[in-house]
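See below for the structure under consideration.
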Protein chains: 2
Amino acid sequence: MHTDELTTQQKIKYVQDTLYVIAGKWKLPIMIAISFGHSRFREIQRAVPDITPKILSKELKELKTNKLVMRKVYDTYPITVEYTVSSYCKSLKPVVDEMINWGQNHRVKVAE
Amino acid sequence: MHTDELTTQQKIKYVQDTLYVIAGKWKLPIMIAISFGHSRFREIQRAVPDITPKILSKELKELKTNKLVMRKVYDTYPITVEYTVSSYCKSLKPVVDEMINWGQNHRVKVAE
DNA sequence: GATACCAGTTTCCCAAAGGATACCAACTAT
DNA sequence: ATAGTTGGTATCCTTTGGGAAACTGGTATC
């Protein structure tokens, strides 16, 4: 909100904190996929192009550790695992929306 | 703007494009430092905590290649090099502002 | 009986990112 | 003379991120 009142160093610190959470090629894509209804492991894998199960598994663990996604196991017959995003993860929406916007315009710009 | 009309896969694509540009620990901090008036090499180095000259040099080259920052050399006696951000870089402001915001609230949350 | 789905794990590997330390030439202030 | 400033380079090293391929055990389908 009051970003104009911060020093350069404070802004850098906050941005680095945010970068630390969303860093890497896959964390945001995975969170986007889950938040749009892809809750099962294979569903997420299909929704996020080119991700391997090993990477997906590792990233999901990290996201769970950082309280960004939740994992629920249902004791059904084939066994069902459901991933959902936390409200904390949802608070990233403004950041993600701006990134989607910028990426979209970036594509347009590059295509010119 | 019309992010609601995009498919999950398109959103993921755009976010990955954006991530690709701002990826890494240092690119955004450097751009922030420059955009807030730290235009000289050593100034930037002082403004961005813990960055080494080698990393700074490398990142500045990449940012210059991607048209995000400009480099001007003045033929003065100690020699003066001035870095400025491009208007393209300035278009990232909404993204960065949201990241500053989120990082700030994140700190508050962690401190609770 | 063979194949496919589920949710992953295991192993082995490579490239890129990042960091520590030292150094350079030219100039200036003490 | 000595130390500090300027804008960087050079060398070496460790960490991390990511990827390919195969495999697991249980169930369900063809």
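Naming: A, B, ... by sequence-line order, numbering from 1 per chain.
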Polar side-chain atom of A:Ser86 near backbone of A:Lys67 as donor-acceptor pair, under 3.5 Å: yes

Reading 5' to 3' through nucleotides 22-30 of chain D, protein heavy-atom contacts under 4.0 Å coded B for base, S for sugar-phosphate only, - for none: -----S---

Euclidean distance, atom OH of residue A:Tyr20 to atom C1' of D:dT16 [Å, nearest integer]: 12 Å

Proximity to the side chain of B:Thr52 - top-ranked nucleotide from C:dA20, C:dT10, C:dG18: C:dA20

Nearest-Å distance for atom pair CZ/P, residues B:Phe41 and C:dC24: 18 Å

Candidate nucleotides C:dG19, D:dG18, D:dT6, ranked by approach to the side chain of A:Lys25 - the nearest: D:dG18

Integer-rounded Å distance: C:dC24 C1' and B:Ile79 CD1: 14 Å

Touch class at under 4.0 angstrom, heavy-atom based, for B:Tyr83 against every strand present: sugar-phosphate

Phosphate OP1/OP2 of C:dG19 contacted by B:Trp26 side-chain N/O (<4.0 Å): yes

Any A:Arg46 side-chain nitrogen or oxygen under 4.0 Å from OP1 or OP2 of C:dC6: yes

Nearest-nucleotide comparison on DNA chain C, the residue closer to the 5′ end among B:Lys54 and A:Glu82: A:Glu82

Close aromatic pair by centroid cut-off 6.0 Å: A:Tyr88 and B:Trp102: yes

Main-chain N/O of A:Thr7 paired to A:Gln10 side chain as donor or acceptor, under 3.5 Å: yes

Phosphate OP1/OP2 of C:dT9: any A:Ser57 side-chain N/O under 4.0 Å: yes

Side-chain (A:Glu43) to main-chain (A:Ser39) donor-acceptor, under 3.5 angstrom: yes

Protein-nucleotide distance (B:Lys58, atom NZ; C:dG19, atom P), rounded to Å: 9 Å

Partner set under side chain to side chain donor-acceptor pair (under 3.5 Å) for B:Glu82, not counting sequence neighbours: none

From B:Leu68, B:Leu60, B:Val48, residue fulfilling side-chain contact (heavy atoms from CB on, under 4.5 Å) relative to B:Ile34: B:Leu60

Touch class at under 4.0 angstrom, heavy-atom based, for A:Glu59 against every strand present: sugar-phosphate

Identity of whatever pairs with D:dC30 - Watson-Crick or G-U, under 3.5 angstrom: C:dG1

Euclidean distance, atom CD1 of residue B:Ile22 to atom C1' of C:dA17 [Å, nearest integer]: 17 Å

Expected output: side-chain B:Ser57 to main-chain B:Pro53 donor-acceptor under 3.5 Å: no

Atom-to-atom span, CD1 of B:Ile55 to P of D:dT14 - whole angstrom: 16 Å

Residue B:Val81, side-chain heavy atoms: nucleotide from C:dG19, D:dG7, C:dG18 that is nearest: D:dG7

Nearest-angstrom distance from the residue atom CD1 of A:Ile51 to P of C:dG8: 13 Å

Flag, side chain of B:Thr65 to backbone of B:Lys61, donor-acceptor distance under 3.5 Å: yes

Touch class at under 4.0 angstrom, heavy-atom based, for A:Lys61 against every strand present: sugar-phosphate

Nearest-nucleotide comparison on DNA chain D, the residue closer to the 5′ end among A:Asp50 and B:Arg71: B:Arg71

Separation of C:dG19 C1' from B:Gln45 CD (nearest whole Å): 13 Å

